[in-house]
Protein chains: 2
Amino acid sequence: MGIIRKTKAVATVLQIFEEKDEAKSVVHLIELVKDKMNKTTVYRILDRLEQDGAIHSFNGKDGLKWYAKCEGCSASHHSDKHPHFQCTKCDKVECLPLEIKIPSIKNHKVDSTDILLIGQCEVCCA
Amino acid sequence: MGIIRKTKAVATVLQIFEEKDEAKSVVHLIELVKDKMNKTTVYRILDRLEQDGAIHSFNGKDGLKWYAKCEGCSASHHSDKHPHFQCTKCDKVECLPLEIKIPSIKNHKVDSTDILLIGQCEVCCA
DNA sequence: AAATTAATGCAATTGGGTTGCAATTACAAA
DNA sequence: TTTGTAATTGCAACCCAATTGCATTAATTT
Ligand SMILES: [Mn+2]
Ligand SMILES: [Mn+2]
Ligand SMILES: [Zn+2]
Ligand SMILES: [Zn+2]
């Protein structure tokens, strides 16, 4: 079970994801709200928002955890299975609205995929 | 620059990768050789072996760092760009000798990919 | 064999993330 | 509105992978 009470801290975190459709690392999020709440609270709120299907998490290239807004997910069904893109110049991370075909692997059962493309984003490419 | 001197510790670590063609987490490697060398030494040897193109690293689903033997890589050219597979039952990780097609992304330049397939391995499938 | 310096051991430290518990606060029931 | 309750938060301590500084050891060169 995720968010039950709409606290100020929850609203603050949610607004960050509403404002701009861009993934954020937990480390960055903690920095952003460090005057408003404790880091433990940030971790717990992110956990609950993910359980509710409001945001989804994945690992960046450095192994840090990142979160981004979900599109059409719910507590019962997380449908975000897209790849992510991380820029080596500016470190920005984007959700990629595309599907990558995974060939079936003999004698293996693939339940989920974790795909990170690394390179240069639109801004840094130019 | 990677390995310069062939020490006993280097030989020990290398042999682990020669023996069996299977990826190993750093945590597991440290455990395997804990009577023979310090954990710092393990980290440093892995760094140097990777620089030399003898092994390559990637992140497992839990965020831990894993290493596996390289095939045809050298210090100047790391050609290992394959996906990896991690079993949710037994935690084993394999290098997958297959290529996954990445569609080109508008205004982005993709330099490398980090693909982890998660599911059940051959043994755990049966 | 002696000199050089890469490699190692060890203790301390860093940093992301978690846990236990007391204090606070949202919210529903009265 | 007031009260009761349990969800939420703050805080300090902790966990653990990974890194760092530095003195010591050992591989390789001369
Ligand atoms: Mn996403
Ligand atoms: Mn591999
Ligand atoms: Zn960029
Ligand atoms: Zn398995």
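Below, read A as the first sequence line, B as the second, and so on, with proteins coming before strands; counting in each chain starts at 1.
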Taking any heavy-atom pair under 4.0 Å as a contact, classify T7(B): base, sugar-phosphate, or nothing. sugar-phosphate
Assign K8(B) to base, sugar-phosphate, or nothing according to its heavy-atom contacts below 4.0 angstrom with the strands shown. nothing
Divergence of helical axes at both termini of the helix from dA1(C)-dT30(D) to dA30(C)-dT1(D) - five pairs an end, 10° steps: 30°
Which nucleotide in the set dA7(D), dT28(D), dG10(D) lies at the smallest distance from any side-chain heavy atom of M37(A)? dG10(D)
Remember a base hit wins even if backbone is also touched, and classify K39(A) as base, sugar-phosphate or nothing at under 4.0 Å, heavy atoms. base
Indicate every side-chain donor-acceptor pair of residues 5-16 of chain B with a distance under 3.5 Å to a residue at least two apart or in another chain.
from, atom 1, to, atom 2, distance (Å)
T7(B), OG1, V10(B), N, 3.2
T12(B), OG1, K8(B), O, 2.9
Q15(B), NE2, E19(B), OE2, 3.2

In residues 44-66 of chain B, which ones come under 4.0 Å of DNA chain D, going by heavy atoms? R44(B), L64(B), K65(B)
Measure from the side-chain heavy atoms of T41(B) and tell me the nearest of dT8(C), dT5(C), dT9(D). dT8(C)
With a 3.5 Å distance limit and no angle check, can you tell me whether H78(B) reaches the backbone of E50(B) through a side-chain donor-acceptor pair? yes
Nearest-Å distance for atom pair CD/P, residues E31(B) and dC16(D): 13 Å
Within this structure, what is the CZ-to-P distance between R5(B) and dA6(C), rounded to whole angstrom? 6 Å
Roughly, in whole Å, what's the span from NZ in K34(B) to P in dG9(C)? 15 Å
Rounded to whole Å, CG of N38(A) lies from P of dG20(C) at a distance of 16 Å
With heavy-atom distances below 4.5 Å as the criterion, would you say the side chains of L64(A) and V26(A) are in contact? no
